[in-house]
Participant: 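Input: one structure, supplied below.
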Amino acid sequence: DESTDSDEDADFILFGSLRGNVVGLRYYTGVVNNNEMVSLKREPNNPYDRNAVRVNNVNGDQVGHIKRELAVPLAYIMDNKLAKVEGVVPYGSKNYFNMPVMLSFWGKEENKRAVLDALKRHGMSL
């Protein structure tokens, strides 16, 4: 139920934010407006990339995928439930190939170091 979910999130802190890219827009019909939230969903069975992170719009329609370089640490973070990742498309929603997405990483204080280390191993930081 929702009350349990919000109780769990109550002790979440913002670890930081990172800019990434959504790619493959031309292959999907999902539409996003500027400054709109998007949801991220792991696709471990994706035949092209086992680290794939799908990007959906607010209606649940697929918009694209997180670019491969960022998908690797993101998949690790999501699979190990180290952080909840939220996305917002700041601009470029009408782009044809890719668009930027601001990702915010939320989680429990004790998981912050693991999240930062996972990103750092791939040359990224919050």
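The basis for the numbers below is simple: all heavy atoms, side chains too, and nothing from hydrogens, waters or symmetry mates.
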Participant: What's the spacing between D79 CG and L74 CG if we round to 0.5 Å?
Facilitator: 9.5 Å
Participant: Side-chain donor-acceptor pair under 3.5 Å between N33 and S93, yes or no?
Facilitator: no
Participant: Consider side-chain contact (heavy atoms from CB on, under 4.5 Å). Of V115, L82, V85, which one does F15 pass it with?
Facilitator: V115
Participant: If every non-hydrogen atom of P90 is compared with every non-hydrogen atom of N34, which pair is closest and at what distance?
Facilitator: O-CB, 3.8 Å
Participant: Mind checking the CE-CG spacing from M99 to L25? Nearest 0.5 Å is all I need.
Facilitator: 5.0 Å
Participant: Is it possible for you to say whether M102 and M78 belong to one hydrophobic cluster, with membership spreading through side-chain heavy-atom contacts below 4.5 Å?
Facilitator: no
Participant: Show your working on side chain to side chain contact (heavy atoms under 4.5 Å, CB included) between L70 and L103 and close with a plain yes or no.
Facilitator: CA-CA 11 Å; L70 177 54; L103 301 175; 3.6 Å; yes
Participant: To the nearest 0.5 Å, what is the distance between CG on L40 and CD1 on I77?
Facilitator: 11.5 Å
Participant: Look at the side-chain heavy atoms of Ile, Leu, Val, Met, Phe, Trp and Tyr, link any pair under 4.5 Å apart, and say whether L18 and Y76 land in one connected group.
Facilitator: yes
Participant: Near R50 CZ, under 6.0 Å, is it more than 12 heavy atoms from other residues, nucleotides or ligands?
Facilitator: no
Participant: N51 vs R68, test: side chain to side chain contact (heavy atoms under 4.5 Å, CB included). Steps then yes/no.
Facilitator: CA-CA 8 Å; N51 294 306; R68 191 179 295 255; over 6 Å; no
Participant: Treating R19 as the side-chain partner and V101 as the backbone partner, does any N or O pair qualify as donor plus acceptor under 3.5 Å?
Facilitator: no
Participant: Can you tell me how far CG of L116 sits from CG of L126, rounded to the nearest 0.5 angstrom?
Facilitator: 5.5 Å
Participant: Does any part of the side chain of V23, heavy atoms only, come nearer than 4.5 Å to the side chain of K67, both counted from C-beta?
Facilitator: yes
Participant: Of all heavy-atom pairs between P73 and A118, which one has the smallest distance, and what is that distance?
Facilitator: CB-O, 3.6 Å
Participant: Only one of K120, R121, R113 clears salt bridge (charged side-chain N to carboxylate O under 4.0 Å, His left out) with D117; which?
Facilitator: R113
Participant: Kindly indicate whether a cation-pi arrangement holds for R54 with Y28, taking the cut-offs as under 6.0 Å to the six-membered ring centre and within 45° of the axis.
Facilitator: no
Participant: Do you know the tightest heavy-atom contact between Q62 and N56?
Facilitator: CA-OD1, 3.4 Å
Participant: State the CG-NE2 distance between D49 and H65, to the nearest 0.5 angstrom.
Facilitator: 8.0 Å
Participant: At what distance, to the nearest 0.5 angstrom, does OH of Y96 lie from CZ of R26?
Facilitator: 6.5 Å
Participant: Going only through I, L, V, M, F, W and Y residues with side-chain contacts under 4.5 Å, is there a path from V55 to M124?
Facilitator: yes
Participant: To check you understand the geometry: which heavy-atom pair defines the closest contact between M37 and V58, and what is its length?
Facilitator: O-CG1, 3.5 Å
Participant: Taking V38's backbone N and O only, do any of them form a donor-acceptor pair with N57's side chain (distance below 3.5 Å, no angle check)?
Facilitator: no
